[in-house]
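Comments concern the structure below.
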Amino acid sequence: MPELPEVETMCRGLNKILNLGKNKERIIIEGMEFKRGNIRSKIPQKQLRSIIGQKLLPIRRRAKYLIFPTEMGSLLNHLGMTGYWREYNGEPLLKHDHFLINFSNGKALVFNDARRFGVIDYLSPQSEASNIWLKHLGVEPLSTDFNAEYLFNKLKKRSGFLKNIIMDQKLVVGVGNIYASEALFLAKVHPKKNANKLNLKMCQSLVISIKEILKKALASGGSTIRDFRQAGGELGYFARELKVYGRSGQVCTACASTIKSEILGGRSTFWCPKCQKK
DNA sequence: ATTAGACCCTGATCGC
DNA sequence: TGCGATCAGGGTCTAA
């Protein structure tokens, strides 16, 4: 389900629901309920319970992870493919509701994840840089660390299809299967171009395209392809803006050629054979 | 050290 | 209507 725009949208939605962030409301984690012992990995119930009673700081995002921070440690969450949070008001639980957390302001959240590719883990204080889930992550795509020189220096050491490489979270985080295809279309580069064949100028163009596509998707609340919902239940409206993803056999919006698709690295990949050059 | 492929799991959809 | 095959926005592990 979620790439950077969807995870960031979820993050902002949760802070809004809880009234965290701008205003200074003091919210204490009051309790947790574990409906399953494990999803993708074991949920460390004892460690997580240690932050009950702590003040919740504003929820933030690192790569495709959500962090619910307190001064005594944090809850770390990855949405996997089908994970989502919603506000919980005491109604009967849904299938695949795995974890609930409630707060001193009367609010509660529930985490649902049908495929259980998501993660719920404990992050000890000040250990973000060395945490097992976070330590291999590359730069944030919307930061100035992600620039043409950085990308060029990384790509020249890599081989393989460019599209697969820009989805590598060790290089740059947050770019997943939809926005990889979309960014390459915007940059007019073929997904099967060999990664180490990009010159600095093309890297500059690709960096700009990745930032632009992620920013625009974020501004629309992400993309709902099948089941993504914002924390408040709203759709992600960027799906209608997609130029190549999911449009195999349809007409290119720029040149009227037929959009092609192929499985690369196990993931469906879409491009315009005329607009995008190897 | 990199890279391609299998694998984790459930649900929706498609073709027969 | 039913049933199997296929596919899905994630990442990890293994083998080459």
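Proteins come first, then strands; the chains are lettered A, B, ... in the order of their sequence lines, and each starts at number 1.
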Rounded to whole Å, the CG-P distance (N177(A) to dG11(C)) equals 11 Å

Tightest non-hydrogen contact, residues L218(A) and R12(A), listed as CD2-NH2, 3.5 Å

For this session: Taking atom CD of Q45(A) as the centre, report whether more than 12 heavy atoms of other residues, nucleotides or ligands fall under 6.0 Å from it.
Result: yes

When both distances are under 3.5 Å in a Watson-Crick or G-U wobble arrangement, the nucleotide paired with dC9(B) is none

Of the candidates dT2(B), dG10(C), dT12(C), the side chain of R158(A) sits closest to dT2(B)

* In terms of side-chain heavy atoms, does W85(A) have a donor or acceptor partner in N77(A) at a distance below 3.5 Å? -> yes

query: Between the main-chain N or O of I59(A) and the side-chain N or O of N15(A), is there a donor-acceptor pair closer than 3.5 Å?
result: yes

Atom CG of D168(A) and atom P of dT3(B) are separated, to the nearest Å, by 8 Å

M81(A) CE to dT6(C) C1', in whole Å, measures 14 Å

What does Y245(A) touch in the nucleic acid at a heavy-atom separation under 4.0 angstrom: a base, only the sugar-phosphate, or nothing? sugar-phosphate

In whole angstroms, the gap separating C1' of dT2(B) from NZ of K156(A) amounts to 18 Å

Regarding G176(A), tell me which of base, sugar-phosphate or nothing describes its non-hydrogen contacts under 4.0 Å with the strands shown. sugar-phosphate

In whole angstroms, the gap separating P of dA4(B) from CZ of R267(A) amounts to 14 Å

Residues pairing under ring-ring contact (aromatic ring centres under 6.0 Å, His included) where one sits in residues 229-266 of chain A, two or more places apart or in two chains, turn out to be Y245(A)-F270(A)

### Task
Report yes or no: do L14(A) and I27(A) belong to one cluster of Ile/Leu/Val/Met/Phe/Trp/Tyr joined by side chain heavy-atom distances under 4.5 Å?
yes

### Message
Taking dC9(B) as the reference, what is the distance to dC3(C) when you measure between their P atoms (whole Å, please)?
### Response
24 Å

* dC7(C) phosphate, OP1 or OP2, under 4.0 Å from S268(A) side-chain N/O -> no

Examine distances only and state if a side-chain atom of E3(A) and a backbone atom of Y179(A) form a donor-acceptor pair shorter than 3.5 Å. yes

Protein heavy-atom contacts under 4.0 Å, written 5' to 3' over nucleotides 8-13 of chain B as B (base), S (sugar-phosphate only) or - (none), form the string BBBB--

So, N196(A) versus S159(A): side-chain donor-acceptor pair below 3.5 Å or not?
-> no

Q: State, without any angle test, whether H78(A) and W133(A) hold a side-chain donor-acceptor pair at a distance under 3.5 Å.
A: no

Winner on side-chain proximity to E3(A), out of dG10(C), dA4(B), dG11(C), is dG10(C)

Contact check, residues 231-243 of chain A vs DNA chain B, heavy-atom distance under 4.0 Å, returns none

When rounded to whole Å, the CD to P distance for the pair E262(A) and dA4(B) reads 13 Å

In whole angstroms, the gap separating P of dG11(C) from CG of D121(A) amounts to 16 Å

### Task
Would you tell me whether T269(A) and K163(A) have side-chain atoms, one donor and one acceptor, within less than 3.5 Å of each other?
yes

To the nearest angstrom, the CD-P distance between E6(A) and dA8(C) comes to 16 Å

